[in-house]
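Reviewing the structure listed below.
Just so we're on the same page: letters track the sequence lines, and every chain starts at 1.
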Number of protein chains: 2
Amino acid sequence: MEKTKEKNPHTWGECTKSILPVRDALEVLSGKWKLPIIISLMFGNKRFSQIAKEVPGITDKMLSKELRELESNDLVKRTVYDSIPVVVEYSLTEYGHSLEIVIKTLRDWGVAHRKRMMVVE
Amino acid sequence: MEKTKEKNPHTWGECTKSILPVRDALEVLSGKWKLPIIISLMFGNKRFSQIAKEVPGITDKMLSKELRELESNDLVKRTVYDSIPVVVEYSLTEYGHSLEIVIKTLRDWGVAHRKRMMVVE
DNA sequence: GTAAGTAGTATACAAAAGGATAGTGAGAAA
DNA sequence: TTTCTCACTATCCTTTTGTATACTACTTAC
């Protein structure tokens, strides 16, 4: 164990120092659906079925599950209006909005990646 | 189907236009290990067992599998030196380095997230 | 009276991701 | 001579993720 440190005294600490926060972020954002849902809410508050329409391919079960997780991480807020019929509105919290820059960076990379794939394949 | 467009003519197109590239990016970077492995290689070329030591918790099986996927996506390069014993070196391709900004953004958010969690909990 | 929209839940299942453990075959070090 | 390192592979297992389908209870529109 000491051997690693001796061989790469600089790298080892720097490396885990970078890995751990990225891992924290991944834990909250992991999976196929959380970021797409957040993106959909970045364009305005939405009701359950509206999100379901805007996130291509998601099922009710997944949407319900992911919204619950996002809510418990304080990224999304759920508001119930007791009108008739009852309406439930989802919105991004301020904290949720702090992901905007992450999403923008990821989207830019994704655009470049798609371009590249089309050239190669 | 037309109804959705009528209700949110602006949102619908903008929204999927953002979701699709993010989804492309997620497909290549998905899972618990790919970004940590890339981070470890951002700090220099490494051999298999060195990466295994620097990415906390990864098993040989996962490392092997993820490296193969990263290689097939042209993010990582595998070089075999036929010395004795044989040495295999992994490095980031130029394309792999294009993820640096994505990782930096994600890491910054992760640092803030960890701080926030410690205050709340 | 039947369908559609409201926001989901229940159940069953399949597929993918990840973990634990062991083994390979070579050289090199004790 | 037994162990160690190197770069993996193989097998089995559990957990997570995702899909499909059906269902609730209420209201409005046709």
Original post:
Does some side-chain heavy atom of B/Tyr81 sit less than 4.5 Å from a side-chain heavy atom of B/Val87?
Top reply: yes
Subject >> B/Gln50 CD to D/dC8 P, straight-line distance once rounded to whole Å >> reply: 13 Å
**OP:** For A/Glu71 and C/dA7, give me the distance from atom CD to atom P, rounded to whole Å.
**Re:** 15 Å
Subject >> Touch class at under 4.0 angstrom, heavy-atom based, for B/Tyr81 against every strand present >> reply: nothing
Original post:
Would A/Ser64 and A/Arg68 satisfy side chain to side chain donor-acceptor pair (under 3.5 Å), going step by step from the backbone distance to the final call?
Top reply: CA-CA 6 Å; A/Ser64 161; A/Arg68 257 179 280 138; 2.9 Å; yes
**OP:** Say whether, by atom type as modelled, one donor and one acceptor occur between the side chain of A/Thr93 and the main chain of A/Gly96 under 3.5 angstrom.
**Re:** yes
Original post:
Would a hydrophobic clustering, with Ile, Leu, Val, Met, Phe, Trp and Tyr connected at side-chain separations under 4.5 Å, put B/Val111 with B/Val102?
Top reply: no
Subject >> Rounded distance (Å) that lies between atom C1' of C/dA4 and atom CZ of A/Phe48 >> reply: 17 Å
Original post:
Taking CG from B/Leu63 and P from D/dA7, how many angstroms apart are they, rounded to a whole number?
Top reply: 10 Å
**OP:** Using atom CG of B/Leu67 as one end and atom P of D/dA7 as the other, report the distance to the nearest whole Å.
**Re:** 11 Å
Subject >> Any donor-acceptor N or O pair under 3.5 Å, side chains B/Glu100, B/His97 >> reply: yes
**OP:** Please figure out whether A/Lys34 or B/Val86 has its closest DNA chain D nucleotide nearer the 5' end.
**Re:** B/Val86
**OP:** Sugar-phosphate atoms are those with a prime plus P, OP1 and OP2; base atoms are the rest. Using that split, label each nucleotide of nucleotides 12-30 of chain C B, S or - for protein heavy atoms under 4.0 Å, 5' to 3'.
**Re:** B-----BBB------S---
Subject >> Distance test, side-chain N/O of A/Ser49 to OP1/OP2 of C/dT6, below 4.0 Å >> reply: yes
Subject >> Phosphate contact (C/dG8 OP1 or OP2) by A/Ser64 side-chain N/O below 4.0 Å >> reply: no
**OP:** Ignoring backbone atoms, establish whether A/Arg68 has a side-chain N or O less than 4.0 Å from OP1 or OP2 of C/dA7.
**Re:** no
Just distance, no hydrogens or angles: give the donor-acceptor pairs under 3.5 Å from side chains in residues 23-30 of chain B, sequence neighbours left out.
from: B/Arg23; atom 1: NH2; to: A/Pro56; atom 2: O; distance (Å): 2.6
from: B/Asp24; atom 1: OD1; to: A/Arg114; atom 2: NH2; distance (Å): 3.3
from: B/Asp24; atom 1: OD2; to: A/Arg114; atom 2: NE; distance (Å): 2.7
from: B/Asp24; atom 1: OD2; to: A/Arg114; atom 2: NH2; distance (Å): 3.1

